[in-house]
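Notes follow the structure.
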Amino acid sequence: MKKRTVVILSLVLAASVAVSAVTLGYTINQSRRVNSYITNQLKRQAKAEEKKSNYKEDGYKVGGQYEIRSTTDISDAYKSGDDSKLSDTDKETLKKASDILKQIIKDGDSDYQKELAVYEWMYQNIGQGASTVVTLPSASGSDFTPQGVLVSKQAVCVGYATTFRMFMQMLGLECHIVHNDYHSWDLVKLDDGCWYHVDVYTDVSGRTEYQNFNMTDATAEGGHDWDSAALPAADGVKYTYAVQNNQQVKDLYSVIPLVKKELDKKAADRHSLYFSFKKSYRMDDLQKADPLVTGLNSAMSMAGIGDMSINGAWYNGENNTYILGLFISDYSAQQNGAKLTAKERNKLAAAIKKSFGVEVSADMLGESIEDAGNGDYKDAGKGDMIGGADGTVTEYNTDNGGVAK
């Protein structure tokens, strides 16, 4: 009996030892896996931290040419009211920037309203640095600095990004410049605690106002490339322009008459329309907007509605919804150049005709501050040349109060 008990106990002990060995082996393997996972995660985190620490904002040269320069001294002087430590150039920049903010910022404006006001002013007043026919003195070599941008009203992408960041910092908003080897734009933090991408340059160059204003990372990735590990994530949607400014319609088909109505306004050469939908669209449904845009472009071409085109973008809305943005661009209008009075345009056309003997339409000579129309001579003086709608050029003579051919 004792021998049997000893045998049984020996067998149980052996089995227990075997199970313990297997368990120990499993535990060791699991520990190795866990340790390996932790090691890899730590390596990833270290790599991300290295990217952050190595990310260079001020001092970085986009395209190896356009340097991102700090304007903190200017924004600090604006907030403190003391510009005594600024250089003469920075004082000039501060004065111009301060005057602009006085014009466009109202008491009680929210962070979003301030940001929007700066974006709209820059979109409407700053042209592309490389797009002028005759190079301007301040645009040559300095259209990447706020000083050059505010003087010449011309800018390359770095000029837009740096000037926008300067305005944001003057207004007390956190702002970074995002860049890669060939492009730069801004990342701004609003009062919802979220960051948003803003690319004024791309909107100006593409003539699509608001398309690249307050984008999430997901939206920005459609046309931008950057090191996301080095900068805060932009994942808020509250202040995307599409969320703030959309009209709800039944479905995609309901968009068509609204686009035609917008075209019939014959307004400025930029139109941005945003549509949310009563019908809940899934991700697979979003591709249905492609034939819609294609059809609208074909319809405009066949109807002879100017030299226009439409492109679109989907935006994430609140509560897992989607908003369609449509951007109508008129490429027949000149994007940049001085705005001439009707009188100035007609004088220029007349001088060209006199010397070259050819008719040049006044409409080809830049944007007009006012449309003189046929027979509108209110700004004319003695000897001024007036161009009519039929292409004739006449001289207004105040001596006889009439028009002489």
Side-chain angles (χ1 to χ4, degrees), residues 112 116 119 123 178 183 185 187-188 190 192-200 202-203 205-226 228 232-265 267 269-303 305-306 308-331:
Y112 170 74
L116 178 61
Y119 169 90
Y123 184 94
V178 191
H183 187 43
W185 63 98
L187 189 67
V188 61
L190 297 178
D192 60 346
C194 295
W195 292 84
Y196 296 84
H197 292 273
V198 180
D199 189 349
V200 192
T202 295
D203 281 349
S205 61
R207 307 177 67 75
T208 50
E209 192 171 18
Y210 308 117
Q211 183 170 0
N212 290 276
F213 175 70
N214 281 5
M215 300 177 288
T216 62
D217 282 343
T219 301
E221 285 170 358
H224 299 75
D225 178 32
W226 74 99
S228 58
D235 53 10
V237 298
K238 179 180 179 180
Y239 291 121
T240 59
Y241 194 81
V243 170
Q244 292 286 323
N245 298 275
N246 68 80
Q247 54 182 318
Q248 190 177 66
V249 296
K250 181 181 178 182
D251 51 30
L252 283 172
Y253 303 101
S254 305
V255 169
I256 297 172
L258 296 175
V259 171
K260 181 59 167 63
K261 183 178 179 180
E262 183 71 16
L263 291 169
D264 289 342
K265 289 180 180 178
D269 63 336
R270 55 184 181 272
H271 314 257
S272 299
L273 304 173
Y274 298 89
F275 302 99
S276 58
F277 301 92
K278 294 179 181 179
K279 178 181 177 180
S280 179
Y281 282 111
R282 299 169 300 175
M283 181 63 72
D284 292 343
D285 294 321
L286 304 189
Q287 294 182 7
K288 296 176 182 178
D290 288 351
L292 168 68
V293 171
T294 300
L296 288 170
N297 277 305
S298 297
M300 288 194 304
S301 177
M302 295 173 67
I305 305 178
M308 291 188 173
S309 69
I310 294 180
N311 68 76
W314 283 104
Y315 296 85
N316 291 105
E318 296 178 303
N319 302 316
N320 297 316
T321 58
Y322 297 100
I323 298 171
L324 177 63
L326 294 180
F327 308 95
I328 308 169
S329 300
D330 183 358
Y331 292 95

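We're numbering straight along the sequence, starting at 1. Quantities reported herein were computed from a predicted structural model and do not represent experimental measurements. The figures that follow rest on heavy atoms only: side chains count, while hydrogens, waters and symmetry mates do not.
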Q. Do you know the tightest heavy-atom contact between Thr240 and Val237?
A. OG1-O, 2.9 Å
**Q.** Set of side chain to side chain contact (heavy atoms under 4.5 Å, CB included) partners for Asp235, sequence neighbours left out
**A.** Cys194
Q: Could you grab the distance from atom OG1 of Thr216 to atom NE2 of His197, nearest 0.5 Å is fine?
A: 7.5 Å
(Q) Is it the case that the side chain of Asp203 and the backbone of Glu209 share a donor-acceptor pair, with hydrogens and angles ignored and the cut-off at 3.5 Å? (A) no
Q. Between atom OG1 of Thr294 and atom CD1 of Ile310, what is the distance when rounded to the nearest 0.5 Å?
A. 10.5 Å
Q | Phe277 and Trp314 aromatic ring geometry - parallel, tilted or perpendicular at 30°/60° bounds | A | tilted
Q | Side-chain touch Leu296/Ile328, heavy atoms, less than 4.5 angstrom | A | no
(Q) Minimum heavy-atom separation for Tyr274 and Gly325, please, with both atom names. (A) CD2-CA, 3.7 Å
(Q) List the residues meeting salt bridge (Lys or Arg N to Asp or Glu O under 4.0 Å) with Lys238, not counting sequence neighbours, and say none if there are none. (A) none
Q. Would one find more than 12 heavy atoms of other residues, nucleotides or ligands at under 6.0 Å from atom CD of Gln287?
A. no
**Q.** Heavy-atom pair of closest approach, residues Ala289 and Leu252
**A.** N-CD1, 4.1 Å
Q. Under a 4.0 Å N-O cut-off, is there an ion pair linking Arg282 with Asp285?
A. yes
Q.
For a quick test of reading the model, state the closest non-hydrogen atom pair linking Pro232 to Leu187 and the distance between them.
A. O-CD2, 3.6 Å
Q: Check whether any side-chain heavy atom of Asn214 sits under 4.5 Å from a side-chain heavy atom of Tyr112, and report yes or no.
A: yes
(Q) Do Asn212 and His224 make a side-chain contact, defined as non-hydrogen atoms from C-beta onward lying under 4.5 Å apart? (A) yes
Q. Do side-chain atoms of Tyr196 reach the backbone of Tyr239 as a donor and acceptor pair under 3.5 angstrom?
A. yes
Q: Please check if atom CG in Asn320 has more than 12 non-hydrogen atoms from other residues, nucleotides or ligands closer than 6.0 Å.
A: no
(Q) Strictly distance-based, threshold 3.5 Å: is any side-chain N or O of Asn297 a donor or acceptor partner for the main-chain N or O of Ser309? (A) no
Q) So, Ser301 and Ser298: side-chain donor and acceptor under 3.5 Å apart, yes or no? A) no
Q. Rounded to the nearest 0.5 Å, how far apart are CG of Leu292 and OH of Tyr253?
A. 9.5 Å
(Q) I'd like to check Leu273 versus Leu258 (side-chain heavy atoms, cut-off strictly below 4.5 Å). Are they in contact? (A) no
Q: Could you grab the distance from atom CG of Leu326 to atom CD1 of Ile256, nearest 0.5 Å is fine?
A: 10.5 Å
Q) Do the two ring centres, one from His183 and one from Trp185, sit under 6.0 Å apart? A) yes
(Q) Nearest 0.5 Å, please: how far is CG in Leu116 from CG in Asn245? (A) 7.5 Å
Q. Mind checking whether Phe213 and Tyr241 have parallel, tilted or perpendicular rings, split at 30° and 60°?
A. perpendicular
Q) Which value, rounded to the nearest 0.5 Å, describes the distance between Glu318 atom CD and Ile323 atom CD1? A) 8.0 Å
Q: Mind listing the closest non-hydrogen atom pair of Gln211 and Gly312 along with its distance?
A: NE2-O, 4.5 Å
Q: Indicate whether the side chain of Ser254 and that of Asp251 have a donor and an acceptor atom separated by less than 3.5 Å.
A: yes
Q: Grab the two heavy atoms, one from Thr208 and one from Ser329, that are nearest each other, plus how far apart they are.
A: CG2-OG, 3.6 Å
Q.
Within the structure provided, determine whether Tyr322 and Asn316 are in side-chain contact (heavy-atom separation under 4.5 Å).
A. yes
Q: Give the C-alpha distance, both sets of side-chain angles, the deciding distance and a yes or no for side-chain contact (heavy atoms from CB on, under 4.5 Å) between Phe275 and Gln248.
A: CA-CA 6 Å; Phe275 302 99; Gln248 190 177 66; over 6 Å; no
